[in-house]
Amino acid sequence: MPTKIRLQRRGKKGQAFYHIVIADGRAPRDGKFIERIGIYNPVSRPAEIELDFDQALSWIQKGAQPTDTVKTILSFKGVLYKNHLLTGVQKGAMTLEQAEAKFQSWLEEKQRKISSTRNELELNQKESRKKQLEQEKMVNEAKAQAIAQKLNKARLDEAAKAAEAAMEAETAPAATEPAPETE
């Protein structure tokens with residue numbers, strides 16, 4: 001029974017997430033599985049990966065073959081590197097303590113890279129929000145100026161019409177006054 005470490009799709013259309021499972025290679029993608037060892041959510045930024053490291057390492061050592069995507073995930077989490085180091089220990093190339101030291105230094109470096117990437121993403125998001133806010137302010141100011149100009153023009157037109165009507169009112173009553181009636 002060739003075992004595979006693969007993804008099992010879950011979630012709804014457009015919002016997929018995956019369970020990382022150990023399954024018989026002949027079983028369908030979303031069918032029967034032996035054990036679930038993790039979750040992979042590619043929709044969130046950065047992608048969320050939860051993995052039972054020890055179980056994954058155990059299955060890799062037993063000969064389970066990961067699919068390409070799962071292989072990338074296992075490599076990202078360090079399972080494949082740890083397996084490589086443990087294989088070196090079995091062959092006598094290094095001691096277990098040396099392998100653990102190498103793995104811990106690799107893990108610390110990986111965490112530093114991840115945290116710096118997250119910080120950069122957060123800074124970029126803040127900067128883009130600031131730029132967007134500034135652009136919105138500029139657009140709103142331009143709209144406000146256009147509205148103010150229209151209002152001023154309308155007020156001037158009304159004032160001109162009122163002045164014109166007042167001038168007409170002053171000149172018109174004198175010319176159209178009825179003559180006094182005599183009895």
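Treat the numbers as computed from the prediction; the structure is a model and nothing was measured.
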Whether over 12 other heavy atoms sit under 6.0 Å from Arg118 CZ: no
Note, Pro2 side chain near Asp24 side chain (heavy atom, < 4.5 Å): yes
Nearest-0.5 Å distance that lies between atom CG in Leu133 and atom OG in Ser128: 11.0 Å
From CA spacing to verdict: side-chain contact (heavy atoms from CB on, under 4.5 Å), Glu136, Met138: CA-CA 5 Å; Glu136 287 179 11; Met138 291 174 55; over 6 Å; no
In one Ile/Leu/Val/Met/Phe/Trp/Tyr side-chain cluster, 4.5 Å: Phe53, Ile39: no
Interatomic distance, Leu86 atom CG to Lys91 atom NZ [nearest 0.5 angstrom]: 12.5 Å
Interatomic distance, Lys62 atom NZ to Leu57 atom CG [nearest 0.5 angstrom]: 10.5 Å
Residue pair Arg36 / Ile20, side-chain heavy-atom distance below 4.5 Å: no
More than 12 heavy atoms from other groups under 6.0 Å of CG on Asp157: yes
Straight-line distance of Gln98 CD to Lys102 NZ, nearest 0.5 Å: 7.0 Å
Non-hydrogen side-chain atoms of Val89 and Met94 separated by less than 4.5 Å: yes
Whether His84 and Tyr81 hold their rings parallel, tilted or perpendicular, with breakpoints at 30° and 60°: parallel
Pairwise side-chain contact, Lys110 with Phe76, heavy-atom cut-off 4.5 Å (strictly under): yes
Audit row: Gln8, Arg29, side-chain contact (heavy atoms from CB on, under 4.5 Å) steps and yes/no: CA-CA 6 Å; Gln8 189 176 53; Arg29 177 192 72 179; 5.7 Å; no
Connected via hydrophobic side-chain network under 4.5 Å: Leu96 and Leu85: yes
Salt-bridge contact Arg112-Glu109 (side-chain N to carboxylate O under 4.0 Å): yes
Ring geometry between Tyr18 and Tyr40 (parallel below 30°, tilted from 30 to 60°, perpendicular above 60°): parallel
Inter-residue atom distance Arg10.CZ - Leu7.CG, 0.5 Å rounding: 11.5 Å
Side-chain ion pair, Lys161 and Glu168, N-O less than 4.0 Å: no
Separation of Ser44 OG from Gln15 CD (nearest 0.5 Å): 11.5 Å
Remaining members of hydrophobic cluster (4.5 Å side-chain criterion), Val21: Phe33
Minimum side-chain heavy-atom gap Thr67-Ile5 below 4.5 Å: no
